[in-house]
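Written below as structure tokens is the structure these notes are about.
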2 protein chains.
Amino acid sequence: MHLQSLEVFRAVARHRTITGAAAELRYTQSAVSRQVAALEAEVGVRLFDRLPRGVALTEEGRSLLGHAEAVLDRLAAARRDLADLRGLGAGRVRLGAFPTAVAALVPRAMAAFRSAHPDVALTLVEGLTPALLERLAAGDADVAVVSAPPDRPLDDARVRLRHLLDEHLLVAVPRGHRLARRRVVRLAEFADDYWIAGSATVEDTLLRSTLPRGFRPRVDIVAAEWTGKLGCVAAGLGVALVPELAARATPADLALLRLHADDASARRVFAATPAGRTRSPAVRVLLDHLVRSAADL
Amino acid sequence: MHLQSLEVFRAVARHRTITGAAAELRYTQSAVSRQVAALEAEVGVRLFDRLPRGVALTEEGRSLLGHAEAVLDRLAAARRDLADLRGLGAGRVRLGAFPTAVAALVPRAMAAFRSAHPDVALTLVEGLTPALLERLAAGDADVAVVSAPPDRPLDDARVRLRHLLDEHLLVAVPRGHRLARRRVVRLAEFADDYWIAGSATVEDTLLRSTLPRGFRPRVDIVAAEWTGKLGCVAAGLGVALVPELAARATPADLALLRLHADDASARRVFAATPAGRTRSPAVRVLLDHLVRSAADL
DNA sequence: GCGAGACATTCGTGGCCGGCATGGATGTCG
DNA sequence: CGACATCCATGCCGGCCACGAATGTCTCGC
């Protein structure tokens with residue numbers, strides 16, 4: 001059964017005339033006549049009674065008409081949806097991001113995207129880079145904001161990376177700290193300070209791995225949450241390492257000092273999409289928003 | 001857009017492999033590959049990502065898949081409905097009948113039809129013959145049980161008639177009436193009886209028109225309803241004319257006598273269907289039930 | 001490094017579906 | 001009552017499309 005036959009059938013049913021339907025469809029009368037005949041032969045029943053002044057639906061024709069209209073309407077809906085998808089009037093993007101990216105970078109990009117394309121369903125899942133790459137490969141996510149330590153670049157062939165920014169490490173110190181006015185500091189200058197660590201969280205491990213050899217911080221306070229950690233710093237209990245992306249969440253009563261490049265090289269941050277998969281327009285636009293958001297940070 | 005393309009698309013989406021879908025559909029791989037490519041070209045977006053080990057739906061593909069499945073399912077439903085219609089598993093028949101036919105003939109046929117084909121929607125409208133013929137011509141009814149006086153045969157070219165029965169006139173008399181034991185009577189024998197008439201109802205007019213000239217019944221009771229009319233007869237207040245079809249509604253305490261053919265010729269009863277219109281299987285079966293019901297009456 | 005598996009592409013051909021023209025049936029009007 | 005108009009059916013033919021077969025290309029796995 002051909003869709004065109006159904007369209008012809010619907011037109012004939014509406015016009016109650018083969019000739020009229022042919023005119024509407026820009027066909028000749030003979031073409032429509034044979035279309036109807038073919039459709040009737042295919043379904044094995046008469047769909048129209050031939051009257052002297054046109055045609056009239058039979059009971060079977062009435063039955064088929066309902067279905068034909070439903071089918072054609074649904075098809076129109078499909079076309080509309082595809083057009084919407086192309087024009088970002090619909091669709092879905094599943095975004096993943098590592099935790100500190102969710103502090104400022106990702107929410108800004110999401111907000112900008114949402115206000116520009118409110119009809120695209122945009123979801124976010126927080127996770128660590130390896131898990132996010134798995135999600136991408138499994139098709140459970142469309143975009144992932146991931147990070148790579150400088151010494152071990154991401155070389156996952158399954159994903160395609162778009163560089164967003166290089167994240168530096170900051171040191172959070174209380175406003176009254178002796179180094180609070182400096183812009184760039186060396187780790188060695190903190191040899192006598194107490195450090196407030198992030199416990200055994202993976203962020204902590206990650207940060208630790210970027211530190212230069214030979215630096216052994218004195219740690220006696222472990223705070224898992226950023227708020228607690230920075231609260232301790234503000235209270236003068238010590239200093240703490242803060243990734244640049246999380247800097248937006250720091251209160252005003254402490255200072256953030258950039259570490260010298262030799263002490264902690266930058267962590268690279270990318271937006272990853274599945275390699276070899278076409279990126280929907282929505283995904284492409286979201287990537288652009290991420291890049292812009294990273295530049296404005 | 002071709003339906004076949006949608007089927008191919010669905011199969012490929014299910015198999016996640018063009019080759020596999022081709023095997024299921026009994027096509028060559030190349031055919032399916034080009035079908036997919038053509039569909040993608042038509043909608044203007046990529047529906048599948050080509051992976052080394054098969055294909056994967058894109059966002060647009062997922063969108064289309066839902067519609068495609070809906071369309072194909074609806075089409076299957078259409079085919080099922082048409083098959084049901086042929087097998088009397090569905091459909092609709094709108095029946096019309098003149099009032100006295102609804103007394104026994106039509107209800108019996110309807111009951112038989114309904115028990116045989118419970119899934120066919122059968123409706124009944126009571127009306128007079130001219131109105132029923134109008135309904136038929138207008139397409140508002142599928143079958144009409146109509147009657148024709150013997151002297152003025154139905155010659156409406158718009159309908160096709162199937163003869164059901166010839167209806168004779170009966171005379172209802174009380175059980176104790178002097179003629180109660182007779183089977184056939186002449187009107188002249190009732191010259192001294194009082195008649196109970198049906199008022200100005202159309203049935204009465206119709207009956208009166210079939211009576212022979214020269215017979216002037218003595219009427220002093222007019223009862224519109226059959227129950228009242230026959231109640232009067234049973235009470236010995238007089239006699240009444242009863243059309244054969246209404247005879248089933250008569251109580252047991254009165255006798256029904258057939259009139260001699262010379263006094264009142266039979267009224268012909270037909271089942272009418274629109275001329276030139278194909279009769280659905282359900283209509284044909286209903287006609288058969290009407291014929292059988294008329295024969296058994 | 002080679003074979004297996006998957007998709008893409010090219011080429012030739014048969015079938016299907018248009019338009020064109022004609023025929024048949026029916027209703028209408030002078 | 002005959003000519004005309006209207007509408008549907010059908011025979012014929014040409015073009016286009018889609019299929020099959022074969023080949024090319026890429027990737028993965030052994």
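Just so we're clear, the structure is a prediction, and the values are computed from it rather than from any experiment. Naming: A, B, ... by sequence-line order, numbering from 1 per chain.
The nearest whole Å value for the distance from the CD atom in B/Gln35 to the P atom in C/dA8 is 13 Å. Put simply, CG on B/Leu3 is 13 Å from P on D/dA18, counting in whole angstrom units. Note: OH (B/Tyr27) to C1' (D/dA18) measures 9 Å, nearest angstrom. Between B/Arg26 atom CZ and D/dG20 atom P the separation is 12 Å, expressed in whole Å. Rounding to whole angstrom units, CG of residue A/Leu39 and C1' of D/dA9 are separated by 17 Å. Between the P atom of D/dC17 and the CD atom of B/Glu42 lies a distance of 12 Å, rounded to the nearest Å. C/dG19 atom P lies 10 Å from atom CG of A/Leu25, rounded to whole Å. Nucleotide C/dC7 holds its P atom 12 Å from the CZ atom of B/Arg46, rounded to whole Å.
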Legend entry - Contact letters for nucleotides 22-30 of chain D, in which S counts primed atoms plus P, OP1 and OP2 and B counts the base, heavy atoms under 4.0 Å: B----S---
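Each of A/Val146, A/Val269, A/Leu287 was checked for a side chain to side chain contact (heavy atoms under 4.5 Å, CB included) with A/Leu164, and the lone residue meeting it is A/Val269.
At a cut-off of 3.5 Å, with distance as the only test, a side-chain donor of A/Asp49 or B/Thr278 sits close to an acceptor on the other residue. A/Ser5 and A/Gln35 share a side-chain donor-acceptor pair at under 3.5 Å.
Side-chain contact between A/Arg160 and A/Arg279 is present, with heavy atoms from C-beta onward closer than 4.5 Å.
A sub-4.0 Å separation between OP1 or OP2 of C/dC7 and a side-chain N or O of B/Ser33 is absent. An OP1 or OP2 oxygen of C/dA8 is reached within less than 4.0 angstrom by a side-chain nitrogen or oxygen of B/Arg50.
Residues B/Glu59 and A/Arg92 are paired through a salt bridge, judged by an N-O separation under 4.0 Å between the basic side chain and the carboxylate. Using a 4.0 Å cut-off between a side-chain N of Lys or Arg and a carboxylate O of Asp or Glu, B/Glu60 and A/Arg86 do not qualify as a salt bridge. The existence of a salt bridge linking A/Glu40 and A/Arg50 is confirmed by a sub-4.0 Å separation between a basic side-chain nitrogen and an acidic carboxylate oxygen.
At a non-hydrogen distance threshold of 4.0 Å, B/Gln4 from residues 4-19 of chain B come into contact with DNA chain D.
Projected onto DNA chain C by closest heavy-atom contact, A/Thr28 and B/Gly54 fall at different nucleotides, the more 5' of which corresponds to B/Gly54.
Between D/dG20, D/dA18, C/dG18, one nucleotide has an atom nearer to the side chain of A/Arg34 than all others, and that is C/dG18.
Across every non-hydrogen atom of A/Ala101 and A/Val145, the tightest pair is CB-CG1, 3.9 Å.
Relative orientation of the B/His289 and B/His117 rings is perpendicular, given thresholds of 30° and 60° on the angle between their planes.
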